[in-house]
Each structure stands twice: as C-alpha cells, then as structure tokens.
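Ligands are counted one by one from 1 in listed order, and the atoms in each one are counted from 1 as well. Source: prediction; values computed, not measured.
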Amino acid sequence: MPELPEVETIRRDLTTRIVGRTVVEAWVSPDAARLVQGEAAELFCRRLAGLTIEELGRRGKYLLLRLDGGLTWIVHLRMTGGLIHALDGCSDDRFLRARFRLDDGSELCYVDLRKLGMMWLVGDESEVVGKLGPEPLGEAFGPQELRRALAKRSAPVKAVLMDQRAIAGIGNIYADEVLFEARIHPRKAARRLSRVAAERLHWAVRKVLVEALGDRGSSFRDYVDAEGEQGMHQLRVKVFRRSGEPCYVCGTPIKRIKVGGRSTHYCPKCQR
Ligand SMILES: [Zn+2]
C-alpha cells in the first residue's frame, strides 16, 4: 500500500508535470462503483471538467489536487491504486478505472487492481482529511507531539504508529522499519514507552521516512510512481518481509508475528 513516501513521490512528480493544466474531460469506469465518494461519478466528472490544477498538496496518504475556484480533488490510493501521468494518453490496461484528459493532450490514468481507492471533489478539505494526526515530516512534529500521541494509549506501539488520527502517513511497511530502527518491540504498549524511547522513536520515524523518500518509495507489489516506475526502498528494508533472514545488526533470524491483525516483522534480539 502506498504510504507517505510513495504518495509524496507521486505528488512531487505530478507537480512538475500537471500544475497549470486544465482537465478537459473526465471518465470513471462503471465497474469502479466506490471510487467517487459523496456524489455520482457522472456529476463528479462534469464538475471536474474545465478546472485547472493550481497546486498539489498531501496530507498523510491523501493526495490533494487544488483547483481553481477553490475546489480540491482528493485522491486516496488505498491498497493497489496508482495515478500515472501519460504524455501519449492512458494505455489499454484492464485495471484502468478512470482517466482524465488534460489540455495538452496528456492524461492522468487511475489504475487499481482491487478497486479500493477513493476520490472526492470538495470545497472544504477538512471534510476528508480533518481528523488526521500531525505530519511526521512537518516542522511542528517534535518528540513532544509524538509522546502526546502515544500517551494514554494502551494499544501496541505499532498500532498507534499506524493510526492515522495519531500520526498521518505511516502504514505497515514503515511502522515495522521505524520500530526496528528505534529498537522497540512492536507489541510494547504505547503509553509505557519511556521518554528516551519516545525520543528515539521520533528520530527513527523521520530517518526511515526521509530515506524511503530518497529511494522514491518501496515497490513490494503494485506501487509505481507517477511515471509508472518502481521505487527502490524495498531493496533496503531491514525487517519488512524478511522473516527467517538474519538481522543485519545481530544475525538473529527476523520473526513474523501478528500485531493488531497485521503481519509484523521484527528482530527478537534487537527489539525487546
Ligand atoms: Zn537483531
């Protein structure tokens, strides 16, 4: 699933490619019934046509395409969604769920194997992203903010890291990587982390996300960037999907357990 580094990579790529372009025609496949939220797909397409993309923003895993006239087109890729900019138009893909023709003849192509992705066209972004927690790479996110998000939560620290209302943008891949980097056991109760451990966790969140961004995200399965290319960070993960392989630090085999229903990878020696 695309997480913060993947969505931010798409945002940066699309910024250079589509800012200033006007949507001339929008089409949503009839088989993508849940793609458009809050209104009929037909109406969404009609409202979008004629609007110019002024700026691309991001909140957590949500991509925000800000349009003239004060509307924002919000996209959440969920599990298998992808937003690819094709200069020659979208290619014939059986997972193509929507296409958006721009005024220079190029197209934005929305592909989604499992059809879980969602789009909105809203005047008030907070209707969709208003309940998200702080941006982990934002300047306002310090160790104190992280401690506040963890305090009083008896849930495992991994579950809190993935709770979008606590911190925005972290999913299963980076939660495992962050906890390894911080040397914290994924099942440890969030509220029981010491101040020092919380500070280490804050440092690890930033380090892991910045490194993954530098690698243009991770492509374990479906993720591709706005040009249809894979990220590179899957080659540099330390624990995610490495169960049975030796820990790079101590050589102990990486273990896989379930935390909050999600597959979780950690080193039983380094993360106690
Ligand atoms: Zn280890």
Side-chain angles (χ1 to χ4, degrees), residues 1-9 60-61 79 133-134 136-137 141-151 153-164 166-223 230-272:
M1 175 199 251
E3 303 180 26
L4 187 154
E6 290 78 32
V7 179
E8 178 63 15
T9 298
K61 305 176 196 173
M79 291 295 285
L137 295 182
F141 182 74
Q144 285 87 339
E145 282 67 36
L146 179 61
R147 284 196 84 202
R148 212 171 295 143
L150 299 169
R153 299 286 302 266
S154 53
V157 60
K158 174 167 178 188
V160 179
L161 274 183
M162 290 178 61
D163 178 352
Q164 301 303 299
I167 307 161
I170 299 174
N172 209 34
I173 300 172
Y174 298 112
D176 281 3
E177 292 299 307
V178 162
L179 288 168
F180 175 77
E181 207 63 57
R183 306 290 188 262
I184 294 170
H185 194 291
R187 277 202 182 124
K188 175 126 184 147
R191 66 185 163 86
R192 296 196 54 213
L193 283 189
S194 67
R195 174 192 290 269
V196 174
E199 280 171 7
R200 212 164 59 228
L201 186 60
H202 175 263
W203 165 82
V205 164
R206 297 243 194 185
K207 176 175 192 279
V208 165
L209 294 179
V210 166
E211 283 180 359
L213 248 178
D215 287 336
R216 303 180 55 79
S218 304
S219 296
F220 283 95
R221 243 182 50 189
D222 305 274
Y223 167 71
Q230 295 202 326
M232 292 296 284
H233 197 68
Q234 69 279 6
L235 303 174
R236 295 217 290 159
V237 292
K238 306 217 170 106
V239 290
F240 187 75
R241 294 211 180 148
R242 292 194 64 244
S243 40
E245 292 175 50
C247 169
Y248 291 131
V249 172
C250 73
T252 305
I254 300 300
K255 261 182 98 168
R256 188 174 70 167
I257 55 173
K258 289 261 184 192
V259 178
R262 302 297 301 269
S263 249
T264 296
H265 313 78
Y266 76 108
C267 171
K269 192 168 173 200
C270 294
Q271 296 167 262
R272 290 175 187 269

A.B. asks: Listing request: all side-chain hydrogen bond (donor to acceptor under 3.5 Å, both in side chains) pairs with a residue in residues 172-182, at least two apart in sequence or in separate chains.
C.D. replies: E6-Y174, K158-N172, K158-D176, Y174-S218, D176-H265, E181-K207, E181-K238

A.B. asks: Are the side chains of R256 and S263 in touch, meaning some heavy atoms are under 4.5 Å apart?
C.D. replies: yes

A.B. asks: With a 4.5 Å limit on heavy-atom distance, are the side chains of I170 and V208 in contact?
C.D. replies: no

A.B. asks: Which residues satisfy the side chain to side chain contact (heavy atoms under 4.5 Å, CB included) test with R195, sequence neighbours excluded?
C.D. replies: R147, E199

A.B. asks: Under 2.8 Å from the Zn ion (ligand 1), which protein N/O/S atoms are there?
C.D. replies: C247 SG, C250 SG, C267 SG, C270 SG

A.B. asks: Should the ring pair F141 and H202 be called parallel, tilted or perpendicular, given that the plane angle runs from 0 to 90° and is split at 30 and 60?
C.D. replies: tilted

A.B. asks: Can you pull the ring pair (Phe, Tyr, Trp, His ring centres under 6.0 Å) pairs that have at least one residue in residues 179-199, sequence neighbours excluded?
C.D. replies: H185-Y266

